[in-house]
Amino acid sequence: MKLSDSRRNFLQTFGLGLGAMSINGFVPGMGIINAAFAEDLADPLSPKKPHFPAKVKSVIWLHQNGAPSSLDLFDYKPQLIKLAGTDVPPSFLQGIETSTQGGTGKLYVDPKRSWKQYGESGAWFSDLMPNLAKHADDLTFIKNSKTIGATHDISILKMNTGDLNPGRPSIGAWISYALGTANPDLPAYVVMYNRIQPRSGAVNWGSGFLPAAYQGTAFLPGASPILYLERPSHISARQQKEALALLQQLDGNRLKERIHDTELQARLRAYELAERMQAAAPAAVDISTETELTKRMYGLDDPISASYGNTLLRARRLVERGVRFVHIVSGNPEGDASIVDWDAHSDLPKNHGVMAKMVDKPIAGLLADLKSRGLLESTLVVWTSEFGRTPWGESGNGRDHNPWGYTQWMAGAGLKPGYSHGETDDIGLKAADEQQAVDTYDIHATILHLMGLNHLQTTFVNNGRAERPTVNFGKVVTDILT
Amino acid sequence: MKLKVLLQTATLLSVFYYPQITSADNLPDVDKDLMYFIEETNDKLNSDLALKLKAESIEGADMMIELTQMVEEHFTVWAKNQKATQLAKTSLQTAINIAELVRADEFEAAAEKGIELSNNCESCHQLF
């Protein structure tokens, strides 16, 4: 046997063996539940101090489900318009593996699309975003975003958790874990969607290896958004109160004997939270008290934008009440069953026409509302998607998935308003400078930074391994910060 | 814990005991299994840096030095891929920097270098 072979074999045999042992938590002396976890069980959502003063208190995470085309909304590319209908010049395809369904077709633009610059910043918007365009000077664009993967499920998971497989905590769960709740009567992390959930569903707001207390609480669309919150009709208020009082008494008696039982303490607190939520949560999401003007601002008077606008108006009410992380997944509008999300593999003009109309006015309304109430000074709004779409066409007038270069944006405190960071190449395919491209981990690190958290110090020991929100990656995008 | 330390020490000592590779004939294949091991070693190193475990971090960084040397040797002599060789060289230097920073108790800076090392791995995986 060659020396090098034996060395490699030795590494594989012993090294991988050790790795496997530690992955499975069998390494002696490394328990699965660590001391910090046991203490947190007592009150996992108690408020915790950030590492340094925070710029924002809450995040509204606007996941545009299905991946909109930056090239049809924010990323104006004259060269793409000029080359439309021709093959992609080979120079643009270096380093690109087109394993997605469509391969590379001819470069495509919608002939009816028009572009205009807005605000003092001169940011470009297409005709699909007329209302959001009025907030050009409030937005901070990240025009060189990149990610991994070319299928929605795994890239959405990465966008929310940093990993391509289920099992890691979502960014909202990490924030709940690191900061606790600012309002003991409401969940620290709320998820909402209009009409449909995203692909892979609840793992996108799961707590992964963090305690379950940090997972997102899904508020359903419609008039009664919280499951099992309302008292069942066959139980009277008095019966419920007496049953809970008895339960509390029995648990209290048990707790006297087992004063260090943190799981029992947590159970008691969960019942208390549920009781408080019965009063606080319906009020938090009840938009009947909002003025007609406000409702119109969020597009509630239009069936296309009404359901999405409803979630955004509820989002404002939740951040107003101290909810740390509001995760909103764009669903689909009422009235057209053929369009379920932004995933426009064919007939992009129709798809984006409808989807943009669904989100444009509500998001513009949200920004205006937050600003007028002074809440944009303590809230971070993030427009995010699992990837962008290709400059080449698919099925004639659609676009395929593009993880190599796309636009996301943020608005809120601590950011340079009306600023664009990075750019894509001349046809909007890849980040112009791949070394400077902004990955999911960088977005997460930046959000944590704005919330006063150092992503390197935000850790949780799982199976003897210190895990952090940004896995082994992440750098704060300092260029966009004030 | 003692078992783990014993096994890791044995692994390290054995690795360092083997002579350095000097010709293409006895170069190691850089295959998927070895890459998984490097990934696992890097994951553990990042964890140890976060937990500020000095001895373990030095052990992990030294292991990464050895492993990135193997990768560099592979790409220089065997695969003759200039870009991958450069990435491996950068990774090797980064691993050396991590070891130095940990020895100086500069854990935050070492953790930042840990991210650079992970990014280098990712950049190379985009090629291969």
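Quick caveat, the model's predicted, so the values are computed rather than measured. To find a chain, count down the sequence lines: A is the first, B the second, and so on, and within it residues start at 1.
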query: Is the closest basic N to carboxylate O distance between A:Asp442 and A:Lys146 below 4.0 Å?
result: no

- line: Under 4.5 Å to a heavy atom of chain B? For A:Asn454 that would be side chain

statement: If one checks every heavy atom of B:Glu116 against chain A at 4.5 Å, the contacting part turns out to be neither

- request: May I ask you to say whether A:Asp400 pairs ionically with A:Arg389, meaning some side-chain N is under 4.0 Å from a carboxylate O?
  value: no

- request: Against chain B, work out which of A:Leu456, A:Val471, A:Thr459 has the most heavy-atom pairs shorter than 4.5 Å and name it.
  value: A:Leu456

query: Which atoms of A:Glu467 come close to chain B, meaning under 4.5 Å heavy atom to heavy atom: side chain ones, backbone ones, both, or neither?
result: neither

- prompt: Can you name the closest pair of heavy atoms from B:Cys124 and B:Ala84 and give their distance?
  reply: SG-CB, 4.3 Å

- prompt: Centres of the A:Tyr441 and A:His455 rings: under 6.0 Å?
  reply: no

